[in-house]
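Since the structure is predicted, the reported quantities are computational estimates derived from the model, not experimental observations. Per chain, numbering begins at 1; letters A, B, ... match sequence-line order.
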Amino acid sequence: MELLIKYGRNLETTKWFVNFSFENIDILLPSDIILESRYNTSVESSVRWNNKAVPVVNIDMLIKQQICVNVPEKVTSTLIVNSAHIYAVQTGVSPQLVKIHLSEFKLMPEIVHLYSLSRGIFAFRFFENKIQYAVDLNVFLEKSGVYV
Amino acid sequence: MDANLYQEICNNQKESETVSTEESVVTWLVFMAGKDIFALESQEIREIMRNTEIFPLPFVPSYVKGVLNRHGDPYAVIDIEKFLKQNEISENLFLILSDDSSVAFRISEIKEFHTAEKDDLKKLSDTVKDDFFTGVLDYKGITAPVLNINGIINKIREELGNN
């Protein structure tokens, strides 16, 4: 994905992302890692997919811990995602599908680029007074202290 | 001697004298970060930005406040007071550095563009040599440490593992 974004200007590639929107930042996950979307859900400590229990992650709480933004109090959606491991990602925001031309993404400023990359943030774009981070969920969760 | 060559040498001589005179005077930007006063050579600053939004960046140390948007280009915001002394700055005033590091220092207040002789910069002695300062400047009777941008940026790169 990083290479695609780096050379996306030449490839003229567009890609669908699932957008989790929090105040002035958005978290973008590639839509092709989404296995299933379940709406009108609530907090669940145990989620099963294909008859197997999968780790449950509350992305709202992770974002709140990392950057102290306000997040919804209630969980309303659960997305089953496959990002190296299969997770049940719970959120109270309404995930939106967005199609983005990869040339719109930029790499992080050099001084924080490798650091952010090693924590799962591989690119970003400024969009409508917000910043949107394209995220490798598996790395992001590992560095957040979520054990798999 | 070739007259043209002689004239060219004379012209070069005048130009080098002019440059030499210009370089003896330096314009410093004197500014506050929290309660502390600092100075930077004005040519090390590309732009002063005020009241621009900082977008948060997950995981980074507390002195990296996030990313700001300068004409579509991202700059990592470093709270210089937090980096040097652990005190947080609340003002939204930023110095965009003119090097290629894409870094903006968050500061509190601009005091003045201060013109002084280059010799007015007192280098630090080897015993008190600090990677974060190149020396001190006498500004209206106040001693203003002059930031060593390369030293600070390299230290941040080292801490973030971005060397």
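For the side chain to side chain contact (heavy atoms under 4.5 Å, CB included) with A:Ile111, the qualifying choice from B:Val64, B:Asn154, B:Ile156 is B:Ile156, the only one to do so.
Using a 4.5 Å cut-off between heavy atoms, A:Ile121 contacts chain B through its side chain alone, with no backbone atom that close. When heavy atoms are compared at a cutoff of 4.5 Å, A:Phe124 approaches chain B solely by way of its side chain, counted from C-beta outward. Neither the backbone nor the side chain of B:Ile78 comes within contact range of chain A, judged by heavy atoms closer than 4.5 Å. At a 4.5 Å heavy-atom cutoff, the contact between B:Val60 and chain A is made by backbone and side-chain atoms alike.
In this model, no donor atom of one side chain and acceptor atom of the other lie less than 3.5 Å apart for B:Glu53 and A:Asn129.
There is a path of hydrophobic side-chain contacts, each under 4.5 Å, that joins A:Ile131 to A:Phe20. Linking ILVMFWY side-chain heavy atoms closer than 4.5 Å, directly or via other members, places A:Ile27 and A:Leu62 in a single hydrophobic cluster. Under the 4.5 Å side-chain heavy-atom criterion for ILVMFWY residues, no single connected hydrophobic cluster contains both B:Phe94 and B:Ile152. Placement of B:Met49 and B:Ile110 in two distinct hydrophobic clusters is found when ILVMFWY residues are connected by side-chain heavy-atom separations under 4.5 Å, directly or transitively. If you chain together hydrophobic residues whose side chains sit under 4.5 Å apart, A:Val139 and A:Leu29 never meet in one group.
Note: B:Phe55 and A:Phe126 meet the aromatic proximity criterion, with ring centroids under 6.0 Å apart. Checked against a 6.0 Å centroid threshold, the rings of B:Phe59 and A:Tyr115 do not count as neighbours.
For the set B:Ser101, B:Ser102, B:Pro58, the count of heavy-atom pairs under 4.5 angstrom toward chain A peaks at B:Pro58. Between chain B and the residues A:Lys130, A:Glu23, A:Met108, the most heavy-atom pairs under 4.5 angstrom are made by A:Lys130.
Pairing each heavy atom of A:Pro109 with each of B:Ala76, the nearest pair is CG-N, 3.7 Å.
At a threshold of 4.5 Å between non-hydrogen side-chain atoms, the residues B:Leu160 and A:Ser116 do not count as touching. Side-chain contact between B:Leu57 and A:Ile67: absent, with no pair of heavy atoms (C-beta onward) separated by less than 4.5 Å.
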